[in-house]
Amino acid sequence: MSKYLGIDSSTQSITGLIIDTETGCIAAEESVNFDTHFKETYQVENGVLDLGGGQVHSPPLMWAEALDLLLQTLKDRGHDLGQIAAIAGSGQQHGTVYLNDTAAAVLTTLDANQNLKDQLAGIFSRPTSPIWMDTSTAVQCQEIEAGIGGRDVLLDLTGNTAFERFSGPQIRKFHQLEAEAYGRTSYIGLVSSYIASLLAGKLLPVDPGDGSGTNLLDIHTRQWSAAALDATAPELQKKLLPIIPSTQISGQISPYYVQRYGFSATCTILPFSGDNPCSLIGLGLVEPGQVALSLGTSDTLFACMDAPRTSDQGEGAVFASPDETNYMALICFLNGSLAREAVRDEYGLDWEGFTQALHNTEPGNNGGLILPYFDPEIVPKVAEPGVVRHNLDRADAGANVRAVIEAQALSSKIHSRWMGVEISSLYVTGGASANTEILQVFANVHACPVHRFETTNSAALGAALRAYYSDQHTNGGGLDWKTVVAPFAQPVAGSTIEPDASTVPVYADLINRYQTLEADHTN
Ligand code: XUL
């Protein structure tokens with residue numbers, strides 16, 4: 001069988017994507033939007049429950065109901081699920097699911113004549129799951145860092161300082177505020193391992209890719225860290241299953257799905273991983289130095305690293321790659337399209353005018369610089385918005401357009417140095433990636449080729465590719481990652497933009513001046 005299914009359980013929807021490895025094509029792609037189908041039942045808005053005070057949760061029962069609907073939709077659209085050799089998946093990172101001691105038995109005895117929702121209703125020790133948007137755990141972050149011996153100890157051990165959205169601080173808060181329910185919890189999983197468990201009909205562990213978003217995993221050994229568990233909550237080890245390697249088959253699909261949706265009984269289940277680690281694979285970033293930049297509302301940089309290096313300044317998150325060898329860095333620059341649009345609008349331009357302005361101005365902008373903090377910035381940390389112009393006339397539309405794009409490119413170079421990898425190629429996705437003038441600036445500043453990528457569901461695609469890689473390896477196939485991702489992770493034909501060598505000295509000078517300006521205006 002040559003077909004593999006990747007399932008991405010994300011914040012607002014669940015997506016199934018089938019690849020056909022014989023043709024190198026995507027054979028199916030279906031999504032179930034939570035609000036469209038479940039708003040009334042679960043009272044969600046954009047897939048989540050805003051509980052106030054920074055608490056953002058989602059109902060895990062809704063995710064199960066959505067899984068049933070997704071598989072039914074794939075079947076109804078005529079896709080023969082009996083041809084799927086293996087399934088892997090991806091989940092929004094950091095969200096935790098809390099199950100009681102009935103869960104294991106319920107999962108092993110799923111009845112194909114009833115739906116998941118009705119059968120699973122009693123298995124939760126906590127009816128809602130805190131997700132990555134939850135910012136209510138600042139106190140727990142401080143306590144965990146203090147408990148383990150300081151922020152730097154946690155950073156060195158787990159690859160990350162304590163983040164409010166990460167699972168460890170969320171678990172600690174649950175233990176503190178709902179000790180009785182915590183005591184009744186016999187399994188804590190992530191969104192990824194929970195959905196995988198539903199498919200396998202047994203409780204499954206977390207993989208290192210998603211485990212590294214918990215503040216609980218030793219990033220060097222890719223196992224739970226006893227010290228981090230101790231600093232988080234009592235008896236935590238007992239509630240977590242040992243980490244499973246990302247490419248190790250977890251089991252066969254439960255008979256429930258064979259009878260209900262026509263899956264083959266031989267279809268295997270791979271560990272699910274986090275959406276970002278899966279996207280790393282879906283974007284084809286399987287060699288150190290390969291970097292992708294998504295130019296969206298915020299600009300997000302994904303990089304493949306050969307070692308779990310960390311940023312002293314906490315500029316980014318570090319996860320184990322599900323390729324089992326490499327690591328990923330994720331850096332979010334908040335002022336992405338936010339800043340580009342602010343400049344475009346300030347000068348009354350449309351995108352055509354913006355592009356022309358970029359075209360008509362010189363690389364290096366005659367030394368004109370802008371710090372584009374239209375909104376508070378994540379990297380570098382800037383708490384209050386404030387745009388700074390240096391050698392730059394506010395009335396000069398063209399120079400301001402160039403300044404904002406050069407600032408973004410320079411910042412992405414400066415603040416990815418901690419990754420310690422030579423950026424060999426930059427794959428650019430997202431709305432602004434259609435603009436070749438913008439891409440030329442990034443190519444020149446990074447002095448490497450820039451390729452445009454068109455992708456919508458890189459997490460689901462990455463999951464399907466993970467299923468393919470693991471299945472063929474288990475069955476004696478010798479394909480390496482590069483070969484596995486190649487047919488699916490191709491840049492748009494003819495989209496490659498080479499750097500202009502004559503700009504190298506210009507940007508070598510400008511980057512120093514930008515860094516000085518930035519240091520003067522950030523803490
Ligand atoms: C990453 C993060 C989000 C979630 C949801 O650290 O919080 O990207 O994974 O997609």
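Atoms within a ligand are numbered from 1 in the order they appear, just like the ligands themselves. Excluded from the calculations below are hydrogen atoms, water molecules and symmetry mates; all remaining heavy atoms, backbone and side chain alike, are included.
A search for side-chain hydrogen bond (donor to acceptor under 3.5 Å, both in side chains) contacts involving T15 returns S31, not counting sequence neighbours.
Minimum heavy-atom separation, A320 to P208: CB-O, 3.7 Å.
Residue, atom and distance of the protein heavy atom nearest to atom 8 (O) of ligand 1 are N276 ND2, 3.0 Å. Ranking the protein heavy atoms by distance from atom 7 (O) of ligand 1 puts R165 NE, 2.8 Å first.
Considering backbone and side-chain N/O atoms, D275 comes within less than 3.5 Å of an N/O atom of ligand 1. For a threshold of 3.5 Å applied to N or O pairs, the pair formed by Q93 and ligand 1 contains at least one separation below that value.
The backbone N or O of L229 sits nowhere less than 3.5 Å from a side-chain atom of W224 that would complete a donor-acceptor pair. For H451 (side chain) and Q490 (main-chain N/O), no donor-acceptor pair under 3.5 Å exists by modelled atom type.
Using a 4.0 Å cut-off to heavy atoms of H94, the atoms of ligand 1 that qualify are 1 (C), 2 (C), 6 (O), 7 (O).
No donor-acceptor contact under 3.5 angstrom links the side chains of T73 and E30, judged on distance only.
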